[in-house]
Every structure is written in structure tokens, then in C-alpha cells.
Amino acid sequence: MAKIWIRQAVLRALDDAMKDDPTVIMMGEDIAAAGGPFKVTEGLLAAHGPDRVIDTPISEMAFMGAAVGAAVCGMKPVVEMMFIEFIGVALDQLTTQAATMRYLSRGQLTAPLVVRASAGAGQGFGCQHSQMLDHWFRGTPGLKVAVTSNARTTYGLLRSAIEDPDPVVILEPRILYAEREEYEFDSSYRIPLGKAEIVRAGTDATIVTCGSMVRVALAAAESSKANIEVIDLLTLWPWDRKTVAESVGRTGRLVTLEEAPAGSGWGGDVVSHIAVEKFGSLKAPPHRITLPDAPVPYNGTLEARFLPSPAYVAEQVEALVSTNKSPAPWWRTAA
Amino acid sequence: MAKIWIRQAVLRALDDAMKDDPTVIMMGEDIAAAGGPFKVTEGLLAAHGPDRVIDTPISEMAFMGAAVGAAVCGMKPVVEMMFIEFIGVALDQLTTQAATMRYLSRGQLTAPLVVRASAGAGQGFGCQHSQMLDHWFRGTPGLKVAVTSNARTTYGLLRSAIEDPDPVVILEPRILYAEREEYEFDSSYRIPLGKAEIVRAGTDATIVTCGSMVRVALAAAESSKANIEVIDLLTLWPWDRKTVAESVGRTGRLVTLEEAPAGSGWGGDVVSHIAVEKFGSLKAPPHRITLPDAPVPYNGTLEARFLPSPAYVAEQVEALVSTNKSPAPWWRTAA
Amino acid sequence: MTISNSNSPIARREALQDRLEQLTRMVEIRAVEERIQKLFAEGHVRGSTHLANGQEAVSVGIARSIDPDDIVTCTYRGHGHALALGVTPAAVLGEICGRVIGCAGGLGGSMHLVEPSVGLLPTAAIIGAGLPIACGAAMAARARGNDRIAVSIFGDGSANIGAFHESLNFAAIRKLPVVFVCENNLYGEYTRIQLSTPVEDIAVRAGSYNMPSDIVDGQDSDKVAEAMAKAVARARRGEGPTLVEMKTYRYSGHSRSDPATYRPAGELDAWLKRDPIDILANRLVGENVLAEGGLDKLKADVRDAVEAATAEVLESPGPALDEIMSHVGAYSAGGDQRWNFWSK
Amino acid sequence: MTISNSNSPIARREALQDRLEQLTRMVEIRAVEERIQKLFAEGHVRGSTHLANGQEAVSVGIARSIDPDDIVTCTYRGHGHALALGVTPAAVLGEICGRVIGCAGGLGGSMHLVEPSVGLLPTAAIIGAGLPIACGAAMAARARGNDRIAVSIFGDGSANIGAFHESLNFAAIRKLPVVFVCENNLYGEYTRIQLSTPVEDIAVRAGSYNMPSDIVDGQDSDKVAEAMAKAVARARRGEGPTLVEMKTYRYSGHSRSDPATYRPAGELDAWLKRDPIDILANRLVGENVLAEGGLDKLKADVRDAVEAATAEVLESPGPALDEIMSHVGAYSAGGDQRWNFWSK
Ligand SMILES: Cc1ncc(C[n+]2csc(CCOP(=O)(O)OP(=O)(O)O)c2C)c(N)n1
Ligand SMILES: Cc1ncc(C[n+]2csc(CCOP(=O)(O)OP(=O)(O)O)c2C)c(N)n1
Ligand SMILES: [Mg+2]
Ligand SMILES: [Mg+2]
């Protein structure tokens with residue numbers, strides 16, 4: 001097995017998809033000639049040519065909308081939003097146009113496009129370039145949202161997204177791009193959208209998480225006295241209720257670990273569903289570990305505190321397991 | 001007490017705010033000379049002049065952003081988004097620029113603007129003009145979101161929003177504009193942002209709702225065998241945890257009634273919070289009544305089914321109260 | 001006059017090469033718009049609806065100049081365009097009345113007409129949304145090695161939204177086969193163009209993109225067709241997009257209940273004197289295609305046909321309840337029923 | 001050369017009326033940019049940072065032409081503008097190093113500089129965001145019955161985003177006192193302007209809004225100031241906005257780690273021959289403001305001052321942990337500490 005950078009998994013997924021399906025095209029700012037601001041599209045232009053790997057002007061609405069039009073007319077556009085915040089100037093095309101295409105044509109037309117975006121915090125990009133923002137998309141009828149967590153899930157989710165007959169958003173935690181890990185490519189490998197994975201078995205509590213927080217949860221579980229099960233949710237919408245419910249059925253405790261403030265995090269929906277499904281059978285209240293309700297700070301010490309660390313997660317889960325009460329987050333007591 | 005149209009409550013709030021504070025200005029499409037597409041700004045131009053009541057080109061980014069700039073520089077802009085969907089082309093200015101202004105200046109600058117928008121379904125405007133979309137804003141650090149439900153709450157929330165030192169989104173259920181009700185204006189009346197109201201006392205279950213669903217909940221409660229308490233949440237972010245928790249503490253059952261699909265509704269956050277706070281003391285699982293996960297249909301019969309009716313809500317709550325189990329929504333069984 | 005009775009959108013579209021049919025279609029559009037107004041009053045129409053009476057020459061002039069294979073995006077003010085492109089009166093009226101017979105089965109409503117077989121994508125209710133989508137359709141055509149083009153129709157007011165600018169720039173830099181058609185009817189909602197737009201001609205904006213443009217008498221369907229033919233040919237030759245501005249006028253207010261009191265006295269009357277139907281009818285008399293006074297008979301015939309379509313619509317049921325959940329994603333659709341633009 | 005040592009942004013700004021200080025400030029900007037590059041290599045800078053060396057004449061030319069009361073919005077490529085407007089080297093370097101001494105207390109970082117006392121709103125990291133905000137600032141100035149103006153600075157690549165179009169149209173139709181300054185440095189990230197923009201001069205786009213425009217040699221700070229003075233005067237007279245295009249060039253890549261290999265051979269060298277610092281220095285020698293060879297001494301002095309500021313920054317602590325929650329809303333801020341632009 002070879003070690004690769006996670007950004008190479010993106011590249012490999014895109015390259016393989018373009019080889020397998022001539023209708024796949026890419027659009028984005030500096031993805032072609034420059035190989036991408038994060039080098040995840042390096043070499044695609046040379047391999048597939050300028051008609052399929054397309055540098056766009058700084059016009060998110062134009063190329064997001066062009067992806068909708070191309071998708072409706074039989075192409076498979078993959079759009080890169082360099083930082084997910086940039087879709088703030090073009091959200092309409094995705095959530096209002098692409099997502100309603102099938103409905104407004106009674107199933108005759110669809111917009112099978114993929115929006116890939118780097119997302120999340122941890123590298124000092126400041127508060128306008130460090131959010132996950134999945135809440136802008138999650139729960140939009142007709143749209144799917146998934147988050148990658150390592151090389152394997154990056155490859156598996158991207159391939160599935162590109163093959164999906166409906167629009168899909170793939171959020172790629174930017175901080176992972178420069179991580180190296182062992183990974184053997186298998187070009188037939190797919191992760192079905194809507195399926196979660198148990199990435200660590202445990203008995204005391206289930207942490208449901210996604211993205212770069214999966215590593216944090218695993219590290220917390222390794223170091224913790226509690227025996228923690230970790231689920232990588234992978235697809236945030238529609239999410240895998242069955243896998244989560246079964247796990248929580250076994251462990252009796254649900255913890256969500258979210259890279260988002262509580263007010264917009266996906267954990268609300270997960271907890272609200274499981275609280276119903278497992279009513280009366282949980283050992284402890286469901287518990288959400290989220291970001292504080294504040295913009296992402298630039299300073300490194302602050303940003304490191306802002307994001308849940310393995311130690312903090314372990315501490316929170318241990319408190320939950322040992323007291324069966326929800327521990328308070330650090331920032332209420334801190335302020 | 002005089003009967004008024006609810007749209008007049010909007011108008012009165014805006015007019016009074018402009019009289020009381022010379023820095024209040026309005027911007028939007030056809031709000032001035034034409035008096036507004038829904039006639040909620042009729043007469044304001046004549047009363048306050050074209051420098052304060054401003055018709056804009058069809059340029060949501062420009063006037064949303066101009067509101068940010070004017071707010072930072074000491075004005076109190078009130079922006080009308082005719083239909084809340086239109087902010088899909090301008091979201092950045094609100095959630096990324098306005099909401100971070102205070103943070104990025106360490107408290108020296110703020111953007112105390114109000115975005116008012118008509119929202120919601122029920123009148124056959126089709127799926128691109130019928131959503132609530134509060135999930136685009138809710139949980140954004142630095143931004144508040146409230147929903148009006150009648151003449152009184154319209155007046156009280158709008159006045160508070162305009163006086164707030166930070167940016168606020170006010171969603172006005174469009175379907176209410178043409179409702180008439182008894183209402184006595186009191187120009188000093190305010191509803192503090194962040195406070196919910198118990199609008200009907202009951203003992204068997206607490207329905208937490210907002211917007212045009214408040215009427216539905218009240219009608220359901222009237223007709224129901226169950227003794228239902230109804231809370232108008234009013235502010236969706238930050239929401240009033242205390243009032244909801246106390247009510248559920250009394251009734252032992254929580255039902256959220258949301259005009260949104262489950263994946264994006266505010267009920268996830270409410271249920272996840274209350275499930276923790278009231279863990280072990282609830283008589284029944286928390287229950288969410290939401291829209292189906294589908295675009296809003298145009299046809300009247302379908303749209304009426306799509307939206308929770310008083311009869312459906314009563315049926316759901318009665319099932320919850322009598323069985324202490326979560327009843328299934330209609331659409332799973334229907335499809 | 002039998003052509004109009006065809007129920008096939010493609011046949012209706014192809015028929016537009018016929019001179020008389022061009023006039024007939026304009027008369028049909030007018031009649032359908034008038035019937036919609038009435039249906040609204042009768043309580044059959046929900047939400048809002050945006051008539052385009054007065055702008056019929058633009059619709060028919062465009063439709064006769066492009067192939068059924070070409071892709072069209074347009075706005076909520078799309079009844080006329082849909083009819084011109086080939087959608088039947090019953091499918092248009094049916095959609096507006098929310099019936100199964102409607103082109104979107106009653107799920108979309110007046111702002112969302114659609115007919116893939118003649119290239120009409122779902123009309124968008126968000127200003128500017130159709131322009132980038134047309135760029136994408138043009139990209140698809142080029143990628144398929146095909147000489148299809150895309151046409152995007154929008155209003156003068158829409159020329160102030162960001163998507164207009166981004167789309168024209170995007171299409172120009174990529175030399176996409178798109179024709180941008182601005183229907184300048186002098187108003188965006190209740191606002192006269194001078195109050196929102198500091199230039200008189202939207203066409204000048206093409207200069208920002210080094211793009212050719214044209215200003216056209218939108219009341220004369222032959223002039224519309226002529227300008228379109230030039231722009232379409234240029235696009236098909238791979239030379240890139242054109243911005244074509246149609247000077248036109250809507251006789252009605254912006255939407256159903258708008259009495260249009262914001263218009264200066266005499267303005268409507270002046271435009272009525274250049275009615276697009278009269279202009280073409282007179283010309284067809286000259287061409288010996290239409291008998292002197294034949295317009296009245298034509299109008300009566302069309303009105304009867306529209307009345308028949310209306311009756312059919314009003315007998316059509318609404319969509320079944322399970323339609324609510326049936327077209328959200330592939331999972332809900334019971335198999336892939338997608339239109340393949342490339343199967344022809 | 002004592003002027004630069006002032007720690008008051010306002011005093012620094014007012015000092016820019018002095019000829020020698022104009023040169024000194026350009027030298028300072030260059031020195032700060034170079035120091036940032038080094039701080040980056042030394043591991044003191046997180047995220048990304050966007051240098052503007054080569055563009056100093058634009059920054060200083062703008063800053064000397066407007067009042068400290070005027071409002072400025074600009075982008076992440078804002079170090080030079082911030083320094084020119086009066087923000088101190090320590091406040092700029094401090095922000096970029098995430099220290100309390102930074103102009104946003106280390107919460108914002110390189111892309112988010114701010115200084116209300118000289119009219120600098122937080123620089124925006126989203127392309128196009130600053131243009132409509134400047135329109136709003138101009139509206140506020142007019143509403144206050146004040147002759148302040150707003151300036152919005154953005155790049156050539158940003159002229160393709162929707163907000164550019166909407167803002168210029170909005171400002172033109174309302175005759176707002178705004179000056180739109182496009183720094184055309186020929187690249188947007190790694191993309192040469194010809195590949196994204198079908199016109200050579202962004203200035204031609206003013207025609208879409210019936211707005212005057214100007215094309216300026218951005219390497220000559222006097223030419224920049226001259227063009228700005230005209231546009232500013234027009235704005236103050238209430239005659240509306242102007243689009244001013246500065247032809248300039250960034251010597252570095254787009255951001256920290258970009259080696260800028262996409263540039264044609266010789267291009268950088270050609271621009272280096274018209275270095276803005278040299279151009280002004282030579283002129284000041286002619287004006288007897290600077291001694292022959294005085295530039296070297298000036299550079300050394302400024303470098304020392306920047307080194308001192310850097311030392312101060314590196315001794316400054318990072319923000320306290322509770323700063324995370326202290327500036328989210330009024331409720332978290334412990335009282336209203338807001339800047340009042342109108343108290344002066
Ligand atoms: C983004 C957005 N903003 C505003 C509207 C509301 N709106 C609908 S039609 C219209 C006027 C459009 O004018 P124009 O482009 O001239 O087209 P016309 O209606 O005259 O055909 C407006 C502002 C919208 N649908 N979408
Ligand atoms: C909406 C949005 N899209 C893309 C980006 C990424 N981005 C940052 S700088 C830049 C290039 C801008 O070029 P230009 O306007 O010429 O300014 P310059 O950097 O040359 O000063 C891009 C594409 C962004 N910040 N915001
Ligand atoms: Mg118009
Ligand atoms: Mg540039």
C-alpha cells in the first residue's frame with residue numbers, strides 16, 4: 001500500500017471519473033492551467049483538455065449556473081468552489097434552480113452536478129474562509145450533502161457523487177488535503193451516498209461525526225478511559241438513520257461532534273431523530289459537542305481552542321459516560 | 001380596538017420607526033413609488049421622502065451590501081427582500097459580511113440592519129417563491145432571526161429589530177398580510193428578540209411553533225381532545241430555551257410544528273436541546289411535525305395537504321398524548 | 001388554420017415556418033393571455049401570473065428562428081414564449097390552473113412552464129437565473145460536438161442583476177453559442193427603466209464584453225426573426241454570443257392585479273397603435289397570405305380553439321396527492337424517466 | 001523622516017500631504033511586505049497572505065487624495081492600502097501575526113485589516129463584497145448631509161463578479177459619491193486577464209452605466225493622485241461615481257506560496273523598470289525634496305523602523321481566550337463600544 005496525500009485522492013477520483021465518463025467536465029477558478037489553488041486538479045487539463053477542464057472567470061453565479069444548464073443537457077459537471085463561503089454569491093443556482101429541476105419537469109429533467117468545495121477551519125484562514133456551511137444545503141429537497149474524512153472516503157464519495165443522478169455537494173475539509181496516509185486505489189470503489197460507517201467499535205457511547213472531526217473522535221477514543229464507538233456519518237443529507245440508531249441502541253449514549261455552532265449544526269437533526277427513536281432506552285441524554293457561537297478566530301491559539309480537540313472530546317464523553325449527565329461546553333464557563 | 005390588516009402592522013411599525021429615528025432608511029424593489037408589491041410600505045415615500053424610502057434596481061447584492069455599508073456608517077437600513085428566496089443571490093452580504101462586522105473590528109463597528117422578507121407557502125406561488133428558508137440564517141454567529149405571526153408580533157418584533165444594534169432577519173409569513181384582526185397600536189410596544197410567548201396554556205403537550213403555523217396550532221388546540229399548550233417561539237435564533245423548557249417541564253410532551261422539511265427545520269435544535277434538558281422526565285418522545293421533504297407544490301389541493309392543517313396537527317398530538325409514541329407523518333404512509 | 005390544432009409541440013413548432021401560422025400563433029398567445037386573465041378572475045389561478053400581451057412578436061420571432069433542438073431559458077413571463085415554442089394551449093393553461101394536463105402536471109404553476117421536446121427548460125422565477133443556465137446548455141451542445149445553440153430570454157430590469165453580467169462575460173470569453181435576448185418592455189415590475197438603469201439601451205452593455213449586439217423593433221416579428229437569424233447563425237458558426245435587445249411593451253400590468261397606474265398617460269395608446277398582430281396581419285394581406293379582413297375570422301377561430309382547450313383543462317383533474325413526493329430525487333421517481341436531449 | 005514614526009493613524013494620514021512622506025510611505029509598504037514574506041517563512045503567519053509590492057503608488061496616490069473622514073473598502077490585498085491610509089506597520093504586522101497589537105486584535109488575520117479612525121472598513125475576503133458596501137457608506141454620507149465620499153478598491157479579476165455590475169449600476173442611478181478603483185494588475189490569482197475578461201480595459205465597462213471613467217498609470221503616484229482628485233471632486237460635488245482603472249502589477253505571486261510561473265518571461269522585468277518607488281524618488285530629486293542617492297538612506301531608515309515594529313509585534317501577546325466570545329453581538333461585547341463616524 002502506498003502513502004498518498006489526501007489531495008491526491010481528490011485528483012484520482014476526478015481523473016478516473018473523467019476517464020470513465022466522457023460527459024464529466026470540471027469548472028472552477030484556476031483549476032485547469034494552475035492545477036487548482038490546492039493542487040487537487042493538477043494534471044487534469046493535460047489529460048483531458050481545455051474543453052473538459054475549464055478555468056472560469058471569478059463569476060460563481062455564472063459557472064454554478066452553467067453547471068446546472070450543462071447538467072440538464074446531459075453533461076456531468078463538477079464545480080469547484082475554492083472555499084465554500086464563495087457560494088454565498090451563487091446559492092440560488094444550487095438550492096433553488098438545480099434542486100428543483102426534477103420536480104419542475106415532473107422527472108423529465110435533472111441536474112446531476114457535483115459541487116466540490118474545500119471547507120472548515122484549522123489553518124488560520126480567518127472567519128470568512130473557515131466554515132463548513134453545510135446548513136446552507138442540508139435538508140434542501142432534491143439535494144444531497146456529504147463530507148469527506150480521509151483518502152478512502154474522498155475517493156469513494158466523490159465517485160458516487162459524480163455518478164449520482166441528482167445534484168450533490170461534497171465538502172472536503174481543507175485541512176486534510178496535506179495529510180498523508182496509506183491508501184490503495186481501487187477504481188471501482190464507491191461509498192454509497194446516504195450510508196454511514198462505524199469506524200471504531202465501542203460499548204459506552206457512540207460519537208457521530210464527520211469530516212476532519214473523525215480524526216479528532218478517533219484520537220479521543222484512543223486516549224479515553226471510556227470505550228467509544230465512532231461513526232463517520234459521511235452523508236449529512238439524507239443521513240443514515242439506521243446505522244446511527246443501531247449503534248446507539250448498543251451503546252446507549254449518543255454524542256454528536258460537529259464542526260459548526262449549535263444553531264446550525266447537523267447534530268440537531270440527528271439528536272432529534274434518535275431522541276425519538278430511542279426514547280426511554282438511552283442511558284444518558286444525547287450530547288452535542290459543537291463550536292462556540294462565534295466566528296472562527298485567526299490567531300492560532302484561539303483557533304485551536306475554538307475547535308474541539310481530542311482531549312476535550314475525551315473529557316466530554318467521559319463526563320457523559322460517568323455521570324450520565326450532559327457536561328457543559330468550555331465556553332460558557334470560560335466567558 | 002380597530003380591525004386592521006396585518007400588512008398594516010408592518011407599515012405602522014416601519015412608519016413609526018422612521019418617525020422616531022431619522023437614521024432609519026428603507027431599500028427594496030418597488031417599495032417606494034409603488035408602495036410595495038404587498039403594499040406594506042404604502043405611503044412611506046410620501047411621508048419620509050425619496051432619500052429615506054428607496055426604490056432599488058433589481059440588484060439584491062447591491063442593495064443588501066449597501067445596507068451593510070450604510071449600517072456600519074451609522075444608518076439603520078431596513079431592506080425588503082420581496083420573497084425570501086431572492087436573498088439566494090446575495091446571501092454573502094448578510095451572513096458573511098454583516099454578521100462578521102463586529103467581530104472583525106473587535107466591537108468597533110457593527111451592521112445594525114434589518115432584512116424583512118415575505119416568506120412561506122399557502123398561496124400558490126410555486127416552489128421558488130414559497131419557502132421559509134430560515135435555515136440559511138439561523139445559527140450564524142452575530143445574526144438574529146425572528147418570524148412574525150400576527151399584527152401584534154409583527155409590530156413588536158419589527159420595532160425591536162430596527163432598534164437592535166446587530167443585524168436581524170425578520171420573516172413575515174406572506175399569507176398573513178391579508179388577514180384582518182383586532183389590534184390596538186401602541187407605539188411603545190416591543191417584543192424583545194429572543195423571547196418566546198405562551199399563547200395558549202395547556203397541560204398535556206407543548207406545541208412550539210412560529211409564523212403562520214401559530215394559527216394552525218391554536219386551531220388544532222381548540223379542536224383537540226388533548227389539552228394543548230402553544231408557544232410562539234417568535235425568535236428562531238437565539239431562541240428562548242427557558243420558556244420552552246419550563247413549559248415542557250409542566251406538560252411533559254414537546255411537539256414542534258415547523259414550516260420546513262425536517263432536514264432544515266429549526267425543530268432539530270429545539271428538540272435536541274430539550275431532549276437533554278428534560279432527559280428522563282418526558283412522558284413521550286419529542287415529536288416534530290414538519291413539511292415533507294419535497295418542493296412546495298403549486299396545485300391548491302396538494303399545497304393544502306403539504307402544509308400541516310389544524311386537523312392533522314390535532315391528530316398527531318392526540319396520538320402522541322394517548323400512546324406516548326411518535327406518530328408517523330402522513331407522507332411515509334401515503335407514498 | 002388546422003395547424004394550431006396539432007397537439008404535438010414539435011409539430012406546432014415546425015409549423016411556425018408557415019407565414020399564416022406565425023400570425024395565428026401570435027393571435028393564439030394573445031387569446032391565451034386573455035383567457036388566463038379571465039381564469040384568474042374566475043378563481044382558477046393561484047399565486048401570481050405575468051402576462052406578456054403586446055410582446056407576441058418577440059416570442060414568435062424567436063421561436064421561428066431557432067430549431068426545436070435548441071435550448072431556451074426564460075422567465076416567469078413565459079406564456080407567450082412557451083406557446084410560440086410549441087407548448088400547447090392546454091398544456092400552458094393546464095399548468096396555470098394546476099391540472100394534470102399542464103406541462104408540469106400542475107406542480108409548477110404559471111411561473112414554471114417546461115417542455116423538453118422543444119428545448120424549453122423550466123422557466124425560472126428568480127431574476128437572472130436563466131442566463132447562466134443557458135451558458136451551460138451551450139457548453140453541453142459544444143461538448144457534444146453539435147451545432148445546437150442556447151437562447152436566454154429576460155427583461156430589461158433583469159439586466160441589472162449580477163447574473164446578467166457574469167453570464168455575458170462567461171459566454172463571451174468562452175465564445176459560447178448563446179443568444180441573449182433582452183425584452184425591453186420599459187418596466188421592471190412597477191419601475192420605469194429610467195429609474196433603475198442609467199442607459200437607455202441595454203444593448204450598449206454588450207460593449208463590456210466585446211460582444212456584438214443589436215437593437216430590434218420588437219413589435220415586428222419579421223424584424224425579430226431577422227435579428228435572431230443573424231445572432232443564431234453567428235452562434236452556430238462558433239463565433240460566440242450576441243446580445244439582442246427587443247424594444248417592446250407589455251399591455252397589462254406586471255402581474256395579475258397590477259393596474260399599471262405608474263405609466264404616463266398616452267403611453268399604452270401609442271404602443272397599441274403599433275400592435276404586433278396588426279403589423280404582421282397587414283403585411284400578410286400585402287403578401288396575399290391573409291385575406292383582407294381575415295384577421296377577425298382568424299381571431300374568432302383561435303378564440304374558439306382556446307375556449308376548447310380551456311374546457312379540456314377545466315375537466316382535467318389536479319395531480320394525485322402522491323405526486324408531492326414523486327419527483328424529488330431519483331429515489332422518489334420510480335426509475336429514471338429523464339429526457340435525453342441527445343437521443344434525437 | 002520622523003513623520004513615519006508617529007503611531008497615530010490620523011497623523012500618519014495627514015502627513016501624506018508631504019512629498020517626502022509620500023515616498024517614505026511607499027518605501028514603508030514595500031518593506032512591510034518584504035517583512036511579511038519573511039515572517040511567513042519564519043512561521044509567524046498563518047493561512048494565506050497577499051502581497052501588493054509593485055502597487056505602492058496606487059495605495060499612496062489614493063490615500064493622499066481623500067480625507068481621513070472618507071470611507072474605504074478594499075480586499076484581502078490590503079496591506080499597502082492600510083498602511084497608506086494610516087494604519088501603523090505594527091498594527092498591520094501585528095494583525096498578520098495574530099497578536100493583540102494587530103488592528104483587529106489578532107482575530108482577523110491578513111485578509112481582514114481595519115481602522116475606523118481613518119475610514120478603513122474591515123477588508124473583505126470575498127470577491128466583490130466591498131463594492132456594494134462602499135455604496136452604502138456613500139448613502140450614509142449623503143443622508144448625513146455631509147460631503148464625505150466612499151472609495152472601493154478591487155482587482156481586475158473582481159470586475160467579472162456580479163457585485164461589480166450591480167454596484168456600479170446602483171451607484172450610477174443614485175449618483176452616489178463613490179469612486180470605484182480597479183487595480184488592474186493583469187492577473188486574478190494565476191489567471192491572466194485575457195483569459196477571463198474579453199476587454200483589455202476594465203474602464204470601458206463604465207459605459208454600461210453611463211459613468212465617467214479614467215485609465216491611469218498606476219506606477220506613478222502623482223498620476224494616481226491626479227485622477228483620484230478629479231473623481232473625488234466629482235463625487236463631492238454630488239455628480240456621482242467614477243470608475244478609475246489603475247494599470248499596475250504585483251511583483252509577487254498571488255499569495256504566499258505562488259511562484260507565479262504563469263507569467264511570460266520578461267514581463268516582471270519590464271515592470272520592475274518602472275518601479276513606482278523609483279519613479280517618485282527620481283521626481284523628488286528633481287524637485288529638490290530628496291538628495292541625490294537619498295533613496296538608499298531612506299530605505300535603510302524605513303527598514304529599521306519596520307524591524308522595530310516587527311520586534312514590537314513579536315513581543316505582543318496573542319489575544320486572550322475570552323476574545324473568542326467577546327465580539328459576536330452586543331450581548332457579548334460588554335456594552336456598546338462602537339465607532340461613531342459622525343462624532344468628528
Ligand atoms: C432575484 C429576484 N429579485 C426580484 C424578483 C421579483 N421580480 C419578479 S419580476 C420582476 C421585474 C423584472 O423585470 P424585467 O426583467 O424587466 O422583466 P419583465 O417582468 O418586464 O418581463 C421582479 C423585480 C425576482 N423574481 N427575483
Ligand atoms: C467570491 C469569491 N470567489 C473567489 C475568491 C478567491 N479569490 C481570491 S483572490 C482572487 C483573485 C482576485 O483577482 P483580482 O480581482 O484581480 O485581485 P488581485 O488579487 O489581483 O488584487 C480569487 C479568485 C474569493 N475570495 N471570493
Ligand atoms: Mg421589463
Ligand atoms: Mg488582479
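Only heavy atoms go into these numbers, but all of them, side chains included; no hydrogens, no water, no symmetry mates. Below, chains carry the letters A, B, ... as their sequence lines are ordered, and counting in each starts from 1. Quick caveat, the model's predicted, so the values are computed rather than measured.
B/Gln97 is listed as a side-chain neighbour of A/Gln128, based on a closest heavy-atom distance under 4.5 Å. Residues A/Thr140 and B/Gln131 fail the side-chain proximity criterion, which asks for heavy atoms closer than 4.5 Å.
A distance of 4.0 Å separates OG1 in B/Thr95 from CH2 in A/Trp136, rounded to the nearest 0.5 Å. Annotation: the span from A/Asp269 atom CG to B/Asp269 atom CG amounts to 11.0 Å, rounded to 0.5 Å. In this structure, NE2 in A/His129 is found 10.0 Å from OG1 in B/Thr96, a value given to the nearest 0.5 Å.
When heavy atoms are compared at a cutoff of 4.5 Å, A/Ala275 approaches chain B by way of both its backbone and its side chain. For B/Pro297, the parts lying near chain A are the backbone and the side chain together; criterion is any non-hydrogen pair under 4.5 Å. Using a 4.5 Å cut-off between heavy atoms, B/Arg288 touches chain A through its side chain atoms alone. When heavy atoms are compared at a cutoff of 4.5 Å, B/Val145 does not approach chain A at all. If you measure heavy-atom distances from B/Leu104 to chain A, the contacts under 4.5 Å come from the side chain alone.
Chain B forms more heavy-atom pairs under 4.5 Å with one residue of A/Gly139, A/Ala90, A/Pro141 than with any other, namely A/Pro141. If you tally non-hydrogen atom pairs under 4.5 Å between each of A/Gly268, A/Ala262, A/Ser326, A/Pro238 and chain B, the highest count goes to A/Gly268. If you tally non-hydrogen atom pairs under 4.5 Å between each of B/Ala284, B/Pro292, B/Gly142, B/Gly126 and chain A, the highest count goes to B/Ala284. With chain B as partner, the option from A/Leu291, A/Leu94, A/Leu236, A/Val271 having the largest number of non-hydrogen pairs under 4.5 angstrom is A/Val271. Ranked by heavy-atom pairs under 4.5 Å with chain B, the first of A/Gly263, A/Gly88, A/Pro285 is A/Pro285.
Contact annotation for residues 252-261 of chain B against chain A (heavy-atom separation below 4.5 Å, listed by residue number): B/Pro261.
Of all the heavy atoms in B/Pro286 and A/Phe279, the pair that sits closest is CD-CD1, 4.3 Å.
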